[in-house]
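Structure first, then comments.
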Amino acid sequence: MDFRDLTYLLAIARQQNITRAAESLYLSQPTLSKFLKGLEGELGLPLFERLGNKYIPTYAGEQYIKKAKEILALKKRTRSADGRYHKKQ
């Protein structure tokens with residue numbers, strides 16, 4: 001799992017549609033579907049409930065999304081702090 005994977009997951013959650021999420025990430029729909037299937041297989045549980053074309057986070061998905069947001073926010077804050085540190089030197 002890397003930052004890119006977290007970004008993919010958040011795009012699916014935001015768009016609630018795998019095709020629109022793929023478009024927003026400039027990926028093909030099959031690539032993003034394969035990513036999600038692999039992640040869910042690795043975890044051993046579904047992160048989204050599929051209702052037609054709509055992807056709704058399961059409880060596990062909600063928790064995973066929450067942590068993904070926290071991790072990406074921490075990454076952003078760390079980069080900002082690093083930039084301020086280097087400017088002082």
For this session: Show the numbers, then the answer: is there a side-chain contact (heavy atoms from CB on, under 4.5 Å) between Leu39 and Tyr8?
Result: CA-CA 11 Å; Leu39 178 59; Tyr8 289 1; over 6 Å; no
For this session: Show the numbers, then the answer: is there a side chain to side chain donor-acceptor pair (under 3.5 Å) between Gln29 and Ser33?
Result: CA-CA 6 Å; Gln29 181 271 324; Ser33 292; 2.6 Å; yes
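Heavy atoms from other residues, nucleotides or ligands lying under 6.0 Å from CG of Asp2 number more than 12.
To the nearest 0.5 Å, the span separating NZ on Lys66 from CD on Glu70 amounts to 6.0 Å. Atom CG of Leu6 sits about 12.5 Å away from atom NZ of Lys69, to the nearest 0.5 Å. Distance CG/Leu74 to OG1/Thr78: 4.0 Å, rounded to 0.5 Å. Annotation: the span from Arg14 atom CZ to Thr7 atom OG1 amounts to 8.5 Å, rounded to 0.5 Å.
The nearest pair of heavy atoms linking Gln15 to Arg20 is O-NH2, 3.2 Å. For the residue pair Ala13 and Ile65, the shortest heavy atom distance occurs at CB-CD1, 3.5 Å. Closest of all the heavy-atom pairs between Leu10 and Ala68 is CD2-CB, 4.1 Å. Counting all heavy atoms, side chain and backbone alike, Ala60 lies closest to Pro46 at CB-O, 4.2 Å. Closest of all the heavy-atom pairs between Asp5 and Phe35 is O-CZ, 3.4 Å.
In this structure the side chain of Ile18 never reaches within 4.5 angstrom of the side chain of Phe48, judged on heavy atoms. Two residues are said to be in side-chain contact when any heavy atoms from C-beta on lie closer than 4.5 Å; Gln16 and Ile56 meet this criterion.
No donor-acceptor distance shorter than 3.5 angstrom exists from the side chain of Arg50 to the backbone of Tyr55, with no hydrogens or angles considered. Side-chain atoms of Thr58 do not come within 3.5 Å of backbone N or O of Glu49 as any donor-acceptor pair.
Each of Leu25, Leu36, Asn17 was checked for a side-chain contact (heavy atoms from CB on, under 4.5 Å) with Ile12, and the lone residue meeting it is Leu36.
Ionic pairing of Glu40 and Lys34 is not present here: no N-O contact between side-chain nitrogen and carboxylate oxygen is shorter than 4.0 angstrom.
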